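The figures that follow rest on heavy atoms only: side chains count, while hydrogens, waters and symmetry mates do not. As the structure is a computational prediction, the values presented were derived from the model and not from experiment.
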Amino acid sequence: MTSLRDPRTLRAGIIGTGAIAGAHALAIERSGLGRLVGVVDRDPAAAAAFVERIAEPAASAPAGAAPTAAASAPAPVPAVFADLDGMLAAGIDVLHVCTPPGVHVEQAVAALEAGVHVVVEKPPALSLDELDRMSAAARAADRQLAVVFQQRTGTAAARVRELLRSGALGRPLIATCHTLWFRDPAYFAVPWRGSWATEGGGPTLGHGIHQIDLLAWLVGDWQSVTAQLWRLDRETGTEDSSTAVVTFEGGLVASIVTSAVAPRETSSIRIDTKRATITVDHLYGHGHENWRIAPAPHVSAEEAAGWALPDAGERSGHDPLVREVYAALLAGEPLPSTASDPARSFELVTAIYASAEHGRAVTAEELRSDARFRAGLESTVVERRPGR
């Protein structure tokens, strides 16, 4: 790679070229603020095949864009490196970590210590201790660590957060947060899945964390968690389902259910406030059509009309997240709220596991001060298999 570069464009690298890496490559290109210059994978053939796929002109064009001479010109082909050290030595500004969670901490810390910003897929680590180590490395290097919680993005979510934080909808009272997905037995047969040692948890951490993160981003800090874990129908070392009751600062009480055995899949949040009910029902991403704000009977139509979502809307996803992160990096500004506070939802999930393991409520204060919880847990899973 040449040392000459456009100061308005960040040089990006990706480690791990599995399915999610494609979303990162597209988001980097579509941002207009970055260029993918290198990739690494433990399987060099997989890395080469990934580069071949993303080098196709159609892959780099913004969704729905009309073809132009510039858009149809092939982008520079990213280099395939033998290892992360080689890619860091060649010179990148941002590393996108798309590997299994068991290796996130070592890869992120290596990049941060090399002076490279890091964008890491969820879950960011196997434990809060590991996440603390990553955050400390970012502070020491004066670099940024952004965790991919893309459900926070989108113009509808931003508007709802604004209405909640301003008090326009009244005090939040009760909420539900459901991640009901379906993963067949073959999904859990992948060697690193379903193991506390390599995945750090089950669907609550790997799947439910997205909606849990969105709920916490909307309503604020949590106070306590009471939870149970269940292994209902999958052969796994962790849970395949979980149930929890979470209290938040300000008095909100939320019921959180996560499952990987739900044939009709849905992701949903409902928040009942003193003046309205907010709902979002989707699966893997939401747009304006997925959100609804229903006023309470005593709220006038005129007031409710003032809660409307903006006319121009953008869906949630990797595209807005990467664009907002890159814009902040280029401007030398703090990360946007859509990518900051990486520990908030990870703490909540850890508290779910800790509560299940110890059979009692776990508070935020306790979680943040007790080394046992921060080191990672092999939680007790309640087996409930009727007919077996």
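No side-chain donor-acceptor contact under 3.5 Å links Ser268 and Thr266. Checked by atom type, the side-chain pair His96/Glu121 shows no donor-acceptor distance below 3.5 Å. Donor-acceptor pairing under 3.5 Å is recorded for the side chains of Thr204 and Glu239. No donor-acceptor contact under 3.5 angstrom links the side chains of His282 and Glu289, judged on distance only.
Closest heavy-atom contact between Leu26 and Asp319: C-OD1, 4.3 Å. For Gly16 against Ala21, the heavy-atom pair with the smallest separation is O-CB, 3.3 Å. Closest heavy-atom contact between Val362 and Trp222: O-CZ3, 3.7 Å. The heavy-atom pair separating Asp41 from Gly18 by the smallest distance is OD2-N, 4.5 Å. Between Ala276 and Ile293 the shortest heavy-atom distance is CB-CG2, 4.0 Å. When all heavy atoms of Ala12 and Tyr326 are compared, the closest pair comes out as CB-OH, 3.3 Å.
Applying the side-chain hydrogen bond (donor to acceptor under 3.5 Å, both in side chains) test to residues at least two apart or on different chains, the pairs with a partner in residues 100-109 are Thr99-Gln107. Listed by first and then second residue, the salt bridge (charged side-chain N to carboxylate O under 4.0 Å, His left out) pairs involving residues 156-176 are Arg159-Glu162 (not counting sequence neighbours). Screening residues 174-184 for side-chain hydrogen bond (donor to acceptor under 3.5 Å, both in side chains), with sequence neighbours left out, gives Trp181-Ser267, Arg183-Glu265, Arg183-Tyr284.
Side chain of Asp370 to main chain of Leu367: no donor-acceptor pair is present (N/O by atom type, distance under 3.5 Å, no hydrogens or angles). With hydrogens and angles disregarded, a donor-acceptor distance shorter than 3.5 Å links the side chain of Ser316 to the backbone of His286. Side chain of Thr363 to backbone of Gln223: no donor-acceptor contact under 3.5 angstrom is found. Checked by atom type and distance alone, the side chain of Thr198 pairs as donor or acceptor with a backbone atom of Trp192 at under 3.5 Å. Under a 3.5 Å cut-off, the side chain of Asp240 and the backbone N or O of Asp233 do form a donor-acceptor pair. With hydrogens and angles ignored, the 3.5 Å screen pairs a side-chain donor or acceptor of Trp196 with a backbone N or O of Gly237. Ser355 places no side-chain N or O within 3.5 Å of a backbone atom of Ile352 that could act as its donor or acceptor partner. Of the possible donor and acceptor atoms, one in the side chain of Asp93 sits under 3.5 Å from a partner among the backbone N and O of Arg11. Proximity of a side-chain donor or acceptor of Lys122 to a complementary backbone N or O of Gly206 within less than 3.5 Å is detected.
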Quiz item: Where do Leu309 and Thr155 land on the side-chain contact (heavy atoms from CB on, under 4.5 Å) test, with the steps shown first?
Solution: CA-CA 8 Å; Leu309 302 178; Thr155 46; over 6 Å; no
Quiz item: Between Glu303 and Arg275, does a salt bridge (charged side-chain N to carboxylate O under 4.0 Å, His left out) hold up when you go through it step by step?
Solution: CA-CA 10 Å; Glu303 181 180 359; Arg275 304 183 65 76; 2.5 Å; yes
Practice problem: Let me see the working for Leu330 and Leu10 under side-chain contact (heavy atoms from CB on, under 4.5 Å), right down to the final yes or no. | Solution: CA-CA 8 Å; Leu330 285 168; Leu10 294 167; 3.7 Å; yes
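Between Arg344 and Asp221 there is no salt bridge, since none of the side-chain N atoms of the basic residue sits less than 4.0 Å from a carboxylate O of the acidic one. The residues Glu324 and Arg152 are annotated as not salt-bridged, no charged nitrogen and carboxylate oxygen being separated by less than 4.0 angstrom. Between Glu366 and Arg360, at least one side-chain nitrogen of the basic residue sits less than 4.0 Å from a carboxylate oxygen of the acidic one, meeting the salt-bridge criterion.
Other residues sharing a hydrophobic cluster with Leu126 under the 4.5 Å side-chain heavy-atom criterion for ILVMFWY residues do not exist; the residue is a singleton.
For CD of Glu333, the number of neighbouring non-hydrogen atoms (other residues, nucleotides, ligands) closer than 6.0 Å is greater than 12.
Residues forming a ring-ring contact (aromatic ring centres under 6.0 Å, His included) with Tyr187 (at least two apart in sequence, or on another chain): His207. Take Phe346 and apply the ring-ring contact (aromatic ring centres under 6.0 Å, His included) test, not counting sequence neighbours, and it matches no residue.
Here the straight-line distance linking atom CD1 of Ile20 with atom SG of Cys98 works out to 7.0 Å at 0.5 Å rounding.
With Phe182 as the aromatic partner, Arg234 meets the cation-pi criteria of under 6.0 angstrom to the ring centre and within 45 degrees of the ring axis.
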